[in-house]
Novice: 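I am attaching a structure below and will ask some questions about it afterwards.
Small disclaimer: the values here were computed from a predicted structure and weren't measured.
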Amino acid sequence: MESIPISTLILVSNLLSDFWPLQLFGRLHPMLVHFPIGLLLVAVLMELFTLGKFRHPLRAGIKFLVVLGALSAVLTAFMGLLLAENEGVTGSTVDIHRIIGIGSAGLSLLLLIFLRKSELVPSESAIKTYRTLLFFTGIGIGVAGHFGASLTHGEDFLTEVLPRNQELEPPQSLTVNLANFASDLSPEKEIQLVTNVRSVLAHNCYKCHSGAKIEGELRLDEKEFVFAGGKKGKVIIPGKPDESELIRRISLPKNHKEVMPSKGKPLSKDEIQMLRLWVEKGAPWPDGVAQQSVYRVAALAPRKPDLPTAKAGLENPIDRWVDQYFEQNQLSWSKAVDDRTFLRRVYLDVIGLLPSPEELAAFEKDQNPDKREILIEALLNRKDDFAQHWLTFWNDALRNDYTGTGYITKGRFAITGWLYTAIRDNKPYDQFVRELLNPNDKSKGFIEGIRWRGTVNASQRTEMQAAQNVGQVLLGLNLKCASCHDSFISDWKLEEAYAFANIFADSTLEVSRCEQPTGKLAKTKILWEELGEIDSAASKAEKLRQLADQLVQPVNGRMYRTVVNRIWKQMMGRGIVEPADEMDNQPWSQDLLDWLAVDFVENGYDLKRLVFQIATSKIYQSQSIPLASPDLLLAEDFKFEGMTRRRMTAEQFSDAVSGISAPLFDSVEVKFRPYQLIPEAKSNLGFARASLVANNDFLKSLGRPNREIVSTSRDSQASLLQALELSNGERLNNTLEKGGKNWVENFPDSDKLTKELYARALLRKPTEKELALAKKVFGKTPEIAEVQDFLWAILLLPEFQMIY
C-alpha cells in the first residue's frame, strides 16, 4: 500500500473546490473528525495492555480500531482540505492544523503498512515500528484535534474557564455615549470614535478575522485589511451603512445562518449602533488612531494624590484612603478583632508560625496602647523566621525550587542562597530587582529560564521565558499570548514581545508566529520606550545592565504599583488590582494604589516597612470578610470591605502541624539549610520549616505549585485531593501517630492534655461540651490511638485551618 502524495491531495481539492457535492462533503469534516481521534486513542490504550505479549486476546479488537481509525483519519484530512478551500479559511492556526492533519494522515497510511508487516512477520523490529507509529499517530491526531478546536472555539477555549483567566476577556457591554458623535466630528472625536470601533471589533471579531485566523479572507485587526474587504469584496462602504456587508451581517437575527459573529455572543444594540454610526460618518480612521488602545491601559508614570484628612483612629494613610472609599461606596467599618485573633493572624502573615499560649497570655496582659505596633515590629525583627516564611512567596513568584525540571540537565539554576539573604537583610526592592535582571552567578536563575529537555515551541525558549517572567512578576503584565501571536487580550504585539525577549538573547532572535518562522529578525526594545532605549548591538550582559537601570527608575510607576499590590494581596487576601498579574485592570482604589507605590519609593523601597504599614492599619486589624465563593474576588462589581478570610498555605499548615504534633519532614527532605549560609540562622523550633524542603505530594496536594512556571497566586479553596491527603495520607497519619505518643508521654492526664492541646492549636480553652467529649473519648488515661484521632479532628477544624 503506497501513501498518496500531499501535493496530489491539495491539487485534487483545488480542482474540485467548486463542485457542490464536495463542498457538502467538506462540511462533514467537523462531524467525522472525532471518529479517528477516539478510535486511535482507544487503540493506543489497548496496545499498552499488550506490551508484554503481542499475541494477546485484545489483538483482534486493536486491529479493527487501527484499520478503521487510520482510514477515517485519511478521509477526514481530505475532507478538511476541501472545507478550508471552499470556505476560504486561512491563517497561521489553520496552517498548523492542516500540516499536522496531513502529517497524521500520512502516518496513518504507514501505520496500516506496518500493522500488516507485524502480522505477517511478527519480528521484534516490525512490532516495535508498528507500535511507535501507532503512538505517534495517536499524538498527531490529538494535537490536530486541539488546533481544530482552536479554530472553532478560539485559541483560549481550554484555558478561558480557569479562574485566573476569567477577567482576561474584555466586557461585552458598551459604555460610550453615542450622542457625543451625532454632530460633526472634530479630529479628537474621530480618534475617540474609531478607538471604540476597534474595541468592538477586537472583543468580537479578532478570533476569526485577524492574523492568527482569517475566515473568508477577511481581517479586521488593521486599517488596510478592514477597508480591503474579504473574499466576496468590500465589507464597508463609507457613508452607506445600509450597503455595507459588515453592518448587514451584525444586524441579522441571532439564529440566522449568516449572522456575525457566528460564534459566541451577538453584538449588543449599542455596539451595532456604534459601528453603524461610524460607517455613516464616512468610516473615519485617522493615522494616529493605531496608538489608541482598545483595552484599558494603566498609567506608567507614578502619581501621589493628596492624602485625605486624618480622623480620630484613622491616622494610618491606608485607613484614610479606605475611609474615603467606604464613604464613596456607602460601606461601614467593622469592629477590630480581639487580641487572640489579631495575634494568630499577624504571626501567620508575618513569620508563618502559630504563636504559643504563653505569648498570647503575655500579649493580653500588656496594657500598652501601642502593643500591636510593638509586636509587629518585633516579628519583623525575627529575621530568619521572617525570611523562611516569605521565602515561599518569592520562591513561587521567581520560579525557584530545589528539585524539578531542568536541574537534571543543568539547564536551571537555584537562587535560594541569594534570595534568602536578600529577604533576611531586607534588601531594598530596587536593588533586589536590579540583581535579578543584571545577575551574578547566585541570582541568575530567574532570567535564565528552564532549558527543557527535548524540543519545545518558540514561545518557551529561554529568552522568551525570561521576557514572560519579568513581565509577569515585576510588571504585572501577561506576555504569554503575545509570545505566539498578536495578543487577543491586550494591545501587545508579537514583535513587541520578541523585541523585549531579545534583551535576554546572546544573538538576535528570529520572530516566529504561531510556531512558524517569519524570516524577520526581532528588534531590541524595552516594553515602554519612554523608560529608555536598549543598545541592540551591545552584549547580553550590557543589555541586561541597561534593562535593570531602566526598570528600577522611580518613574516606572508600573513596577512599584505591581509589588505593592502583591504584598497587599498576600496580607489582605485580595489585591487592590485583580488578578495581580493583570495590572492594567481597574483597581478598587486607584488613589490608594498610587499613593502606596510612591510612598514605597520615597521611603527606600523597604518591603518590611510596607508590611508594617499594612499590618498596623485599622483595616488589617478589622474583622475578616467571609466569601461564599472565590469567584466573588474577581467579580466586576467587587467592593472592598476588609481582609478576606482565607486558608493557611501548605507551608503554614505544615509548620503548624509540625509544631503541635511531630515534625512532618525528616532531615533528608530539607534541601536548604540557612545556617550553612548564616550560622546564627540555625533554628530552635525543633522541626524543619516546610519552605526549606523539597516539593512532595503532601505539599502539592495542599497547594504548593511545581514552580516550573511563575506562580503568583494560590487557590485558597479546599480541593478533593487535599481532602483525600488529609484523610488518608500516609505522611500526616505517621506524624499524628508520633504526635499522639508525644502527647501521651507528656500529658498522661486526659483533662490536662485536652486543655493544653486546645491552647496550643487554637489559643483558647476548650468549651464544656468539648471537654466532655474529650473525656468520653480518652477516659481517665488517654491512649496513643485516641490522641492521634483527636489531633486529626482538631487539625481539620476550620478554626485551625483558616486565618480569621
Side-chain angles (χ1 to χ4, degrees), residues 164 167-168 295-304 318 321 390 393-399 419 422-423 427-437 446-447 466-480 482 489-490 492 497 500 526-528 530-531 547-611 613-614 633-634 709-714:
R164 65 174 179 270
E167 288 295 297
L168 298 182
Y295 302 97
R296 183 182 188 274
V297 178
L300 176 69
R303 165 181 171 266
K304 192 174 186 181
I318 289 173
W321 289 117
W390 285 87
F393 171 84
W394 288 110
N395 275 344
D396 284 2
L398 301 179
R399 197 189 38 75
L419 180 58
I423 300 170
K427 189 186 294 289
Y429 187 67
D430 63 331
Q431 184 63 28
F432 181 91
V433 171
R434 190 185 297 275
E435 292 179 20
L436 282 174
L437 297 180
F446 175 56
I447 63 168
Q468 293 170 0
N469 293 348
V470 170
Q472 181 178 355
V473 177
L474 303 181
L475 301 167
L477 176 68
N478 183 355
L479 281 180
K480 293 178 181 177
I489 61 173
S490 70
W492 292 108
F500 191 51
I526 200 167
L527 292 168
W528 289 272
E530 52 263 55
L531 293 177
L547 175 66
D549 289 344
Q550 292 171 8
L551 281 191
V552 302
Q553 295 176 88
V555 296
N556 184 7
R558 174 81 175 218
M559 190 172 84
Y560 300 115
R561 290 185 184 98
T562 300
V563 69
V564 162
N565 190 59
R566 292 202 189 285
I567 301 299
W568 179 277
K569 178 173 182 174
Q570 186 72 3
M571 300 285 291
M572 301 295 291
R574 200 262 189 201
I576 302 173
V577 176
E578 278 292 339
D581 292 337
E582 300 291 337
M583 287 300 292
D584 285 315
N585 287 352
Q586 183 72 47
W588 58 259
S589 173
Q590 186 71 61
D591 287 340
L592 173 60
L593 179 65
D594 288 348
W595 189 92
L596 280 175
V598 175
D599 183 71
F600 177 69
V601 171
E602 292 177 347
N603 287 277
Y605 311 91
D606 189 334
L607 289 167
K608 280 192 175 182
R609 180 184 178 275
L610 177 59
V611 172
Q613 197 172 29
I614 296 172
L633 291 173
L634 301 176
I709 59 173
V710 164
S711 179
T712 56
S713 182
R714 293 193 190 182

Novice: Determine which pairs satisfy salt bridge (Lys or Arg N to Asp or Glu O under 4.0 Å) with at least one residue from residues 467-479, sequence neighbours left out, and list them in order.
Specialist: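 For residues 467-479: none.
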
Novice: Would a 4.5 Å heavy-atom cut-off, applied to side chains only, mark Leu593 and Trp588 as touching?
Specialist: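 No; the side chains remain at least 4.5 Å from each other.
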
Novice: Shortest non-hydrogen contact from Gly575 to Glu578?
Specialist: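 Nearest pair, atom of Gly575 first, then Glu578: N-OE2, 2.9 Å.
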
Novice: Measuring from atom CD1 of Ile423 to atom NZ of Lys608, what distance do you get when rounded to the nearest 0.5 angstrom?
Specialist: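 Ile423 atom CD1 to Lys608 atom NZ measures 10.0 Å (nearest 0.5 Å).
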
Novice: Roughly how far apart are Leu547 CG and Leu437 CG, rounded to 0.5 Å?
Specialist: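 Nearest 0.5 Å value for the CG-CG distance: 5.0 Å.
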
Novice: Answer whether the closest heavy-atom distance between the side chains of Glu582 and Arg296 falls below 4.5 Å.
Specialist: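 No - every pair of side-chain heavy atoms lies 4.5 Å or more apart.
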
Novice: Evaluate side chain to side chain contact (heavy atoms under 4.5 Å, CB included) for Tyr605 paired with Val563, printing each intermediate quantity in order.
Specialist: CA-CA 10 Å; Tyr605 311 91; Val563 69; over 6 Å; no

Novice: From Glu530 CD over to Gln553 CD, what is the distance, rounded to the nearest 0.5 angstrom?
Specialist: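 If we round to the nearest 0.5 Å, Glu530:CD and Gln553:CD are 10.5 Å apart.
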
Novice: In the structure I gave you, are the side-chain heavy atoms of Leu479 and Val470 within less than 4.5 Å of one another anywhere?
Specialist: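 Answer no - side chains too far apart.
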
Novice: Carefully, step by step, assess Asp599 and Val564 under the rule side chain to side chain contact (heavy atoms under 4.5 Å, CB included).
Specialist: CA-CA 10 Å; Asp599 183 71; Val564 162; over 6 Å; no

Novice: Quick check: closest heavy atoms across Met559 and Leu475, and the distance to 0.1 Å?
Specialist: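 Taking every non-hydrogen atom into account, CB-CD2, 4.1 Å.
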
Novice: Kindly indicate whether the side chain of Leu527, heavy atoms from C-beta on, has any atom under 4.5 Å from the side chain of Trp492.
Specialist: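 With C-beta onward as the side chain, the pair touches.
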
Novice: Which heavy atom in Pro428 sits nearest to a heavy atom in Gly604, and how many Å separate them?
Specialist: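 Nearest heavy atoms, Pro428 then Gly604: CB-O, 3.7 Å.
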
Novice: Can you find a heavy atom in the side chain of Val598 that is under 4.5 Å from one in the side chain of Arg303?
Specialist: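 No; the side chains remain at least 4.5 Å from each other.
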
Novice: So, Lys569 versus Thr712: side-chain donor-acceptor pair below 3.5 Å or not?
Specialist: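 There is no such pair between these side chains.
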
Novice: Would you give the length of the straight line joining atom OG of Ser711 to atom CG of Asp581, rounded to the nearest 0.5 angstrom?
Specialist: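 The distance works out to 9.0 Å.
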
Novice: For Val577 and Asn585, which heavy atoms make the closest approach, and how far apart are they?
Specialist: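 In this case the closest contact between Val577 and Asn585 is CG1-O, 3.8 Å.
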
Novice: Which of parallel (below 30°), tilted (30 to 60°) and perpendicular (above 60°) describes Tyr429 and Tyr560?
Specialist: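 Correct class here is perpendicular.
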
Novice: Are side-chain heavy atoms of Leu436 and Ile447 found at a separation under 4.5 Å?
Specialist: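 They are not in contact (no side-chain heavy atoms under 4.5 Å apart), so the answer is no.
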
Novice: Side-chain contact test, heavy atoms from C-beta onward, threshold under 4.5 Å: evaluate it for Gln613 versus Asp606 and give yes or no.
Specialist: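 Gln613 does not reach Asp606 side chain to side chain.
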
Novice: Any side-chain heavy atom of Thr562 sitting closer than 4.5 Å to one from Leu474?
Specialist: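 Not touching, per the 4.5 Å side-chain cut-off.
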
Novice: Between Pro554 and Val601, which heavy-atom pair has the shortest distance, and what is it?
Specialist: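 So the two residues come closest at CB-CG1, 4.0 Å.
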
Novice: Of all heavy-atom pairs between Gln472 and Arg566, which one has the smallest distance, and what is that distance?
Specialist: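 Residues Gln472 and Arg566, closest heavy atoms: O-NH2, 2.6 Å.
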
Novice: Rounded to the nearest 0.5 Å, how far apart are CG of Leu592 and CG of Asn565?
Specialist: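 Those atoms lie 9.5 Å apart.
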
Novice: Taking the six-membered ring for Trp and the single ring otherwise, decide whether the centroids of Phe432 and Trp394 are under 6.0 Å apart.
Specialist: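 Yes, ring centres under 6.0 Å apart.
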
Novice: Could you pull out all residues at least two apart from Phe446 that satisfy ring pair (Phe, Tyr, Trp, His ring centres under 6.0 Å)?
Specialist: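 Once residues adjacent in sequence are excluded, Phe446 has no partner under the ring pair (Phe, Tyr, Trp, His ring centres under 6.0 Å) criterion.
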
Novice: Walk me through it: do Trp321 and Ile576 pass the test side chain to side chain contact (heavy atoms under 4.5 Å, CB included)?
Specialist: CA-CA 12 Å; Trp321 289 117; Ile576 302 173; over 6 Å; no

Novice: Check the pair Arg434 / Asp549 against side chain to side chain contact (heavy atoms under 4.5 Å, CB included), numbers first and verdict last.
Specialist: CA-CA 7 Å; Arg434 190 185 297 275; Asp549 289 344; 2.4 Å; yes

Novice: In this structure, are over 12 heavy atoms from other groups packed under 6.0 Å from Leu300 atom CG?
Specialist: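 Enclosed: over 12 neighbouring heavy atoms sit under 6.0 Å from CG of Leu300.
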
Novice: Distance check, rounded to the nearest 0.5 Å: Trp390 atom CH2 versus Leu419 atom CG?
Specialist: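 It comes to 12.5 Å.
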
